[in-house]
Chemist: 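For reference, the structure I am asking about is given below.
Remember, predicted model here, so these are calculated numbers, not experimental data. Every number for a ligand or one of its atoms is a count from 1 in the order of the listing.
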Amino acid sequence: MDYLPLFHNLKGRNILVIGGGEIALRKVRLVQEASAIITIVAKDFCPDLLEMNARDKEHGCNGLNLITASYEHQHMLDLPNIVMVIAATNDRDLNRLVSEHAQNANILSNVVDDPKFSTVIFPSIVDRSPIQIAISSGGDAPVLVRLLRTRFEALLPAGMSKLGSLAGSFRERVKAKFSNGADRKAFWEEVFYGPIAEQAYANNLDEAERLLAHKLESTDEFKTGEVYLVGGGPGDPDLLTFKALRLMQQADIVLYDRLVSPEVLNLVRRDATRIYVGKTAGDHPVTQDNINQKLVDYALEGNRVVRLKGGDPFIFGRGGEEIETLAEHGIPFQVVPGITAASGCASYAGIPLTHRDHAQSVRFIAGHLRSGKMDLNWPELVQPNQTLVFYMGLNGMETICEQLKQHGLDAQTPAALIEKGTTDRQQVFIGDLNSLPEIVRSAGAKAPTLIIVGHVVSLHDKLAWFNVTETTQ
Ligand code: SAH
């Protein structure tokens, strides 16, 4: 190991920075966040640095101590109890000289972009204080470090800070209650991997604190579970939200339906119990009441239950009904939005749903047949400059196209049907109100499919980018 990562407490300690440019500014910002007292020696200071200093003083914070001069050894000797020197000028030799002076005095020294002459180097930081991750390649692969940092940034919920602080405020009490280290560990694991953490991430801090206090005081083993109604998006697993993925990976039980793609389902925690509650048109093996009841029962047994749905749970997803039942039983729940089929399919087919020249509004419509009929407000749908998106419209496609024409939409209005949008099986069929039904039937398209009607469809020719070789026209 070339470097030992340590976390420094710099509160109220003196730091000397040599150089007043952009590079110095970046380091100054960092050490300032750690509440160090900063003196900067430079021939001149960049405007951003001066501005930051002025702003800090205005807000009553300690400003920077700026010395306009060429660096001399005396500057270091004059400052009492320096803990670190940062050499950040664009003069390599000067930087090295500064570092030599610091090292001779046993002061930590950092030379920007010159690790060989530094005794300490700055890591890349993912900051969710009090939780922090420091990443370093020892100067060998800074771009790789940056990529890794992006990954960690994505992995750590923004609310991790709050959870960390909450844990800090309970630390002594938990220690007092569990003298045995293993019990303490088990307690914290349950806190960090369940409803308490989720409440903190959702910014419900009072509730998180209440649950944590309750957990600490209660003597019984009784746990209430929680239900997460999660939107799994239209198919491509890359379209999941961070929150959806996190909850899927800590679920005990997952109830999913037909629209959840195998690729998305694959991301569920390996040892979670998976229960299929899908419905296919005309065949309802699991009734909605039955699903609602299952969610209640599993949660009351203390499970973390994920109800995984295709697209967005609140768009033609009956999500509202499911959480109504949970609310009636006082079971905590959260709803995680997903990318709805209209957004997903439109993007992946290169069909913008709105466009300055073609459509100023868009409608999401349930296009299924009920007893062979479709009871929709057709005159409203044929208004100019709007895009129509029909969900569940494959069986009723002829009716949709026919009714739109009968109510005044031009027969040449472009129309598209997207099959299994956003997956690698995606197919896009393009036609108009006259031709689309025949194109789709002869190709034998299968559900799930989405129909888009409107002039925006004509943009597909130019804007298609995904699976383009598969496109049938
Ligand atoms: N809650 C879902 C919609 C459920 S209704 C959402 O927000 O997307 C089911 C309908 O969604 C299907 O009949 C189909 O019209 C549409 N759909 C869902 N996923 C789709 C996909 N990958 N490709 C095309 N249509 C899809």
Chemist: Sequence neighbours excluded, which residues qualify as salt bridge (Lys or Arg N to Asp or Glu O under 4.0 Å) partners of Glu438?
Modeler: none
Chemist: Run the side-chain donor-acceptor check on residues 327-341: report pairs under 3.5 Å with partners two or more places apart or on a different chain.
Modeler:
residue, atom, partner, partner atom, Å
His329, ND1, Thr325, O, 3.0
Gln334, OE1, Lys243, NZ, 2.8
Thr340, OG1, Tyr391, OH, 2.6

Chemist: I'd like a table of the close N/O pairs between ligand 1 and the protein (anything under 3.5 Å), one pair per line with both atom names and the distance.
Modeler:
residue, atom, partner, partner atom, Å
ligand 1, 1 (N), Gly310, O, 3.1
ligand 1, 1 (N), Asp312, O, 2.9
ligand 1, 1 (N), Ile315, O, 2.7
ligand 1, 7 (O), Asp312, N, 2.8
ligand 1, 7 (O), Asp312, O, 3.4
ligand 1, 7 (O), Thr340, OG1, 2.6
ligand 1, 8 (O), Thr340, OG1, 3.3
ligand 1, 8 (O), Ala341, N, 2.8
ligand 1, 13 (O), Met392, N, 3.3
ligand 1, 15 (O), Met392, N, 2.8
ligand 1, 15 (O), Thr449, O, 2.6
ligand 1, 22 (N), Pro234, O, 2.8
ligand 1, 22 (N), Gly421, N, 3.3
ligand 1, 22 (N), Gly421, O, 3.1
ligand 1, 23 (N), Gly421, N, 2.8

Chemist: Can you list, pair by pair, the side-chain donor-acceptor contacts under 3.5 Å of residues 373-385, counting residues two or more places apart and other chains?
Modeler:
residue, atom, partner, partner atom, Å
Glu380, OE1, Arg363, NH1, 3.3
Glu380, OE1, Arg363, NH2, 3.2
Gln383, NE2, Pro379, O, 3.0

Chemist: Checking the side chain of Arg258 only, and the main-chain atoms of Gly278 only, is there a donor and an acceptor separated by less than 3.5 Å?
Modeler: no
Chemist: Side chains of Asp410 and Thr413 only: does a donor on one sit below 3.5 Å from an acceptor on the other?
Modeler: no
Chemist: Does the pair Glu51/Arg55 count as a salt bridge with the N-to-O cut at 4.0 Å?
Modeler: yes
